[in-house]
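Below you'll find the structure, written out as structure tokens, and then a few comments.
Both ligands and their constituent atoms are indexed starting at 1 by order of listing. The basis for the numbers below is simple: all heavy atoms, side chains too, and nothing from hydrogens, waters or symmetry mates.
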Amino acid sequence: MVTHKKLVLGIFGFGVVGEGLYKVLNMTPSLNATLKKVCIKHPDKKRNAPAELFTADRQILLKDNQINVIVELIDDADAAYEIVKEALLSGKSVVSANKKMLAEHLIELLELQKQTGASLLYEAACCASIPVIRNLEEYYDNDLLHSINAVVNGSTNYILTKIFDEKLSFKNALIQAQQLGFAESNPVLDVEGYDALNKWTFLLTHAYGLLPDKEKLCFTGIQSITSEDARQAEKKECVIKLVASAKKLQNGKVAAFVLPQFVKKDDQLAFIKNEYNGVVIESSFADKQFFYGKGAGSLPTASAVLSDISALSYDYRYEYKKLNREESNELTNDFYVKAYIGFTDWDHIRKDDFESIEEWHSNESINYLIGIIHFEKLQTSSWWKENNVSLVLTADPIIESLDIVKLKKRSLVLAGFSGGNHLS
Ligand code: HSE
């Protein structure tokens, strides 16, 4: 019979997730783990736990030889990195939910794990309750991953759901997301896509063995989406979602970004409402699979932390299998996307950036275009992030080569149909 290691825990942080974990631990007596100490920033704040559990001195946890697992659940990514580093260096295993820290320091943290032999797990840091990291590591270790499309930020998905389904204003929907504890303490991180970008950065490591520099990944959030954009989406039988995407192209390279997208109402991603997250994986052998679950909130996030703690009792560690493969993957910006651009002033649109414009409307009530643009051009220009311009990729946005588009256009012309308002 396998005997599981006895775990003694030291937790950093007693916010939404920390307190959730405290409750979950108390409800899981089967777990062979004892909570010894919780380190907090504000010792005077009243807590729903015995006072003797708390300390404001991080060394009390880090220097305690009995504590063999540090659970890091604080907001400050820099402080989190210092704590995780010190914990690993002293041979303790670590569970973290800090996506910003992981996005910024994964390379050093990989090295530290190698050097110390200690394990760092972080299932809660992406898609909270959905076990996506362990599945990408273990289940999809050999199956060839064609694409992975995901809603990874609960707050923006909550806001978009309220705008589409209940016609709530952006501002009121955001206030609700904050009150329910889904949003970051600085909600700009959610709304402008930074949180989703952070999560995508390290998910790409487990999906494709990539260690991307997050500064080089193209992203934006939902800050510029207007009710007119939502109306246009409805007309196209779509909703708008903030989608984190990655696709292995025919040339073997990987396209990856985090951008708003039109999602057909019958697509799995459209099914994801409120603070739920979801991941659609397409692979060679398993074909299409959909993972769905709560992506934010106290207990759902704590459930993933709990699962990581439990995994440490049998010495589980990520092997970063895809990272260690001989044949490595590479990111590329050499492809095209079809994008919807909403605007208030036509002069702010760099129309020459487009390969072709399939549709455009510019009058008093409707101002938008749909066109094909090279991804490198999108990535390196900023006009679409300024001056009330909104960008939403169309459903299934990636076009690998323009030859296919030209061929399609030619066959339409031959069939006697010339399409909408072409500029080029
Ligand atoms: N602010 C995050 C979100 C919390 O809304 O998804 C979970 O990571």
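- Any N or O atom pair closer than 3.5 Å counts here, and Ala125 shares no such pair with ligand 1.
- Using a 4.0 Å cut-off between charged side-chain N and carboxylate O, Lys265 and Glu237 make no salt bridge.
- For Asn153, heavy-atom contacts with ligand 1 shorter than 4.0 Å involve the backbone as well as the side chain.
- Looking at Leu189 against ligand 1, nothing comes within 4.0 Å, counting heavy atoms.
- Protein heavy atom nearest atom 8 (O) of ligand 1, with residue, atom name and distance: Lys99 NZ, 2.7 Å.
- The protein heavy atom nearest to atom 5 (O) of ligand 1 is Ser155 OG, 2.7 Å.
- Salt bridge annotation for Glu234-Arg231: absent, with no cationic side-chain nitrogen under 4.0 angstrom from a carboxylate oxygen.
- Checked against a 3.5 angstrom limit, the closest N/O atoms of Phe182 and ligand 1 fall inside it.
- Ring-plane geometry between Trp346 and Trp360 is classed as parallel, the angle between the planes falling under 30 degrees on a 0 to 90 degree scale with a further cut at 60.
- At a 4.0 Å cut-off, at least one heavy atom of Lys199 sits close enough to ligand 1 to count as contact.
- Counting atoms of ligand 1 from 1 in the listed order, those under 4.0 Å from a heavy atom of Asp190 are 1 (N), 2 (C), 3 (C), 5 (O).
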* To do: Tell me, with the steps shown, if Tyr122 and Tyr318 meet ring-ring contact (aromatic ring centres under 6.0 Å, His included).
  => CA-CA 10 Å; Tyr122 41 83; Tyr318 302 137; 4.9 Å; yes
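- A donor-acceptor pair under 3.5 Å is formed between the side chain of Lys241 and the backbone N or O of Ile272.
- Ranking protein heavy atoms by distance to atom 2 (C) of ligand 1, first place goes to Glu184 OE2, 3.1 Å.
- The pair Lys273-Asp165 counts as a salt bridge, with a side-chain nitrogen and a carboxylate oxygen less than 4.0 angstrom apart.
- Comparing Ala128, Gly295, Gly154 against atom 7 (C) of ligand 1, the shortest heavy-atom distance belongs to Gly295.
- With hydrogens and angles ignored, the 3.5 Å screen pairs a side-chain donor or acceptor of Asp229 with a backbone N or O of Thr226.
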